[in-house]
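This one's a predicted model, so the numbers in the text were calculated from it and none came from an experiment. The figures that follow rest on heavy atoms only: side chains count, while hydrogens, waters and symmetry mates do not.
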2 protein chains.
Amino acid sequence: MLHILCRAARLGAEVEQEVVTQRDVARLAGVSVRTVSNVVNDFAYVADDTRARVQRALDELGYRPNLLARGLSSGRSGLIALILPLNVPYFHELSKYVVDEAERRGYTVLIDRTDGEVARERALVGRTDRSALFDGIIFNPIGLSEAELPPQSADTPVVLLGEKPVGASFDHVQVDDVAAAKAVTEHLIGLGRDRISAIGQPVRARSQTARHRTDGYRQALAAAGRDFDPDLVATVRSFQRADGAEAMTRLLESGKPPDAVFCYNDLMALGALRTLLSKGYRVPDDVALAGFDDIEDGRYSTPTLTTVAPDKHQIATLAIDLLTRRLDGDSSPPQTCSASWKVVPRESTTARSSGQHESAVQNG
Amino acid sequence: MLHILCRAARLGAEVEQEVVTQRDVARLAGVSVRTVSNVVNDFAYVADDTRARVQRALDELGYRPNLLARGLSSGRSGLIALILPLNVPYFHELSKYVVDEAERRGYTVLIDRTDGEVARERALVGRTDRSALFDGIIFNPIGLSEAELPPQSADTPVVLLGEKPVGASFDHVQVDDVAAAKAVTEHLIGLGRDRISAIGQPVRARSQTARHRTDGYRQALAAAGRDFDPDLVATVRSFQRADGAEAMTRLLESGKPPDAVFCYNDLMALGALRTLLSKGYRVPDDVALAGFDDIEDGRYSTPTLTTVAPDKHQIATLAIDLLTRRLDGDSSPPQTCSASWKVVPRESTTARSSGQHESAVQNG
DNA sequence: CTGAAAGCGCTTACAG
DNA sequence: CTGAAAGCGCTTACAG
């Protein structure tokens, strides 16, 4: 296939680029590699003229450190692995903050996609052969529960993100899913809706997250003196748009359609929204809709999407804080940090009509 | 802040996990490290009983290879860097294919976000200190033009993705932006629309991509005997939803609003859609809308979004093909491969009314 | 089929 | 402030 699709070009002489080592630089500058290393790593106690001479040689030869060699001998690579399901926008938004925050502290973040597949999560976390490669790991499990994770190894600290921790063997940054789910359900109840559905309970329940959000949903109902109706809870296989769309279809066809729906993430809410609008329902007039995550998509949908907004910046900062402490040698007991969140009401629950809207783009 | 938000747990005895080396394994199995290495790397010509004995020692000690050491001595890390603007969904969708395809060939892809910032792109590509870390690089520049890239170095092959190459010094996988933009504009013309706008010309024109799409747009107009009206072209700062939303607002306020709009990517089209719907315009009745990229969002918006769908799977396969050839020692001239694409008409240009729709989710 | 040994490019006590 | 040297954990010609 390649030969049909590809077009070759004439090539100039291939420059066989030699690798420049500290030894080469040392030779040119007339010093030892020790001194070159000192200059490269910006150590104090290098005579000014020596430094200048070495720097000149460094520039002249175009020296570039070999990260592998440095890592092998120093025991630190400066690399952090961020293991996430990139197929959910929330995580890509979160990753931006993690990357930026890590960079500020001199670390480089490399992203590993799990896409929420349990097998991939297991494989990635199980790959302890990487422990030499990465100084630390930030991991947001989706399919894997904390209990299934290999025990924390002393050499590569792991910070867990996401659901409330079960044990206490990892550093952890959590969002209080129960409280947040309860708050957004209360918002729906406050609208005066009667039949409030929940979309997101997984078919095979592994995820604590979904369980917690269901708990919050039920607590809000109970607090309002409402009965819990299992028929109003729709299960899903994953947290994608298609799952939300299908679940919504099932609810609508159930005979007694809901007048409000809490989806366990924005992606599913967007799928549910598609189903509702395409079947002629008005949102929020006929059905009010709320999600979770506060992804950008929900600020541009029509209607815009009411959601729970976890403080992504704070989550990232806390995660990097926790990790860098370990990297700096802190061996105190594992900590659990809570990031804040808030309910952001938008058109999908508050607008009067689903047609004309006041504000083009409202950002909670 | 941390002390307020965090809760510490009691910790069990910290297991000081010793690193197990091949030497340890060799000692236990009564062989040399050479033989251990042979077994670990699954070389032929190891006596069955020796292999079994070594394997037992390997298991017993829980040996894990040190990737850094392996990389340093072998010169290959098995790692590929994928440098992309993750803040555009198209690229995260593309990255999935690249990761999967690379994995099939035994490589691990680590993702680096550029988010389209020229400075980040420059920094990442300029970081030749990484050449030891990565066997190869797949890079989709957004801000940087090919001419600004450092020359291809012999030790770390680079495959470029995206816009039509200017020079011919890199392996390249391109999509024919001119032809695709022309085709989608023709689709709009075929609808019988009079005033067809284009959104996406950058304020400071660096990107060839936008230039090519404008070329295609103009070619389609010319071929249909239409005049090119500069007032119908709206510029943007980046390719995000907000840019599309703002550009659309400007076009609507220009006095003579368009009745069709070609946005240079789906993200901007979604922003433009938001502006249109929130101002009471019907899509496609009043304004037909088309994007580029075929991201999932556009299959769930209401109306669903007409778009150009590049074959992402093919792009990924071609990129990995090209790269692995170089890694296998091929030093033939740089090649340019073209990936296919097609126009996918959806509701935003074809539906009769913007209210009720036929198909809930139609997938091109 | 396997061993002894050099070497990948760097960092880092140890001296001085 | 700087040098000579060991060592990080692995791979890989070179012998045998």
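Checking the phosphate oxygens (OP1, OP2) of dG9(D), no side-chain nitrogen or oxygen of Thr21(B) falls inside 4.0 Å. Put simply, Ser73(B) has no side-chain N or O that comes within less than 4.0 Å of OP1 or OP2 on dG9(D).
Rounded to whole Å, the C1' atom of dG16(D) lies 16 Å from the corresponding atom of dT12(D). Atom P of dA13(C) sits at a distance of 23 Å from the matching atom of dG9(C), rounded to the whole Å.
Checked against dT2(D), dG9(C), dT12(D), the side chain of Thr50(A) finds its nearest nucleotide in dT2(D). Picking from dT12(C), dC10(D), dT2(C) the nucleotide with the shortest atom distance to the side chain of Ser37(A) gives dT12(C). You'll find that the side chain of Asn41(B) is closest to dT11(D), out of dT11(D), dT2(C), dC10(D). When the nucleotides dC10(D), dC8(D), dT2(D) are ranked by their closest atom to the side chain of Gln22(B), dC10(D) comes out on top. Nearest to the side-chain atoms of Leu72(B) among the listed nucleotides dT2(D), dA4(C), dC8(C) stands dC8(C). Minimum atom distance to the side chain of Ala69(B) is reached by dC10(D), of the listed dC10(C), dC10(D), dC1(C). In this structure, the nucleotide among dG9(D), dT12(D), dC8(D) sitting nearest to the side chain of Phe43(B) is dT12(D). Each of dT2(C), dG9(D), dT11(C) was ranked by its minimum atom distance to the side chain of Asn38(B); first place goes to dT2(C).
For the pair Arg53(B) CZ and dC1(C) P, the interatomic distance rounds to 14 Å; values are reported in whole Å. The CG-C1' distance, from Asp42(B) to dT12(D), rounds to 17 Å in whole Å. Spacing between atom CZ of Arg76(B) and atom C1' of dC10(D) amounts to 12 Å, rounded to whole angstrom units. Straight-line distance from the CZ atom of Arg64(A) to the P atom of dC10(C): 12 Å, rounded to whole Å. Rounded to a whole Å, the OH atom of Tyr45(A) is 16 Å from the P atom of dA13(C). For the pair Arg34(A) CZ and dG16(C) C1', the computed distance is 13 Å after rounding to whole Å. Rounded to whole Å, atom P of dC8(D) lies 18 Å from atom CG of Asn66(A). Spacing between atom CG of Asp49(B) and atom P of dC1(C) amounts to 11 Å, rounded to whole angstrom units.
Nucleotide dA4(C) has no partner under the Watson-Crick or G-U criteria, as no pair reaches both atom distances under 3.5 Å. dA13(C) is unpaired under the criterion used here, namely a Watson-Crick or G-U wobble arrangement in which both key atom distances are under 3.5 Å.
Within a 6.0 Å radius of CG in Asp59(B), other residues, nucleotides and ligands contribute more than 12 heavy atoms. Counting heavy-atom neighbours within 6.0 Å of Arg76(A) CZ, excluding the residue itself, gives a total of 12 or less.
Asp321(A) has its side chain out of reach of Gln335(A): every pair of non-hydrogen atoms, C-beta onward, lies at least 4.5 Å apart.
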Please step through salt bridge (Lys or Arg N to Asp or Glu O under 4.0 Å) for the pair Arg51(A) and Asp42(A), ending with a clear verdict.
CA-CA 9 Å; Arg51(A) 183 182 297 276; Asp42(A) 213 30; 3.5 Å; yes
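Among the protein residues, Ser74(B) comes within range of the sugar-phosphate backbone only, with heavy atoms under 4.0 Å from sugar or phosphate atoms but none that close to a base. Across all strands, Val40(A) comes closer than 4.0 Å to no nucleic acid atom at all (heavy-atom distances).
Across all non-hydrogen atoms, the minimal contact from Ser32(B) to Ala26(B) is C-CB, 3.8 Å. Nearest approach of Val54(A) to Val31(A), heavy atoms of both residues: CG2-CG2, 3.9 Å.
Checking Ala47(A) against Val33(A), the closest nucleotide of DNA chain D that is more toward the 5' end is the one next to Ala47(A).
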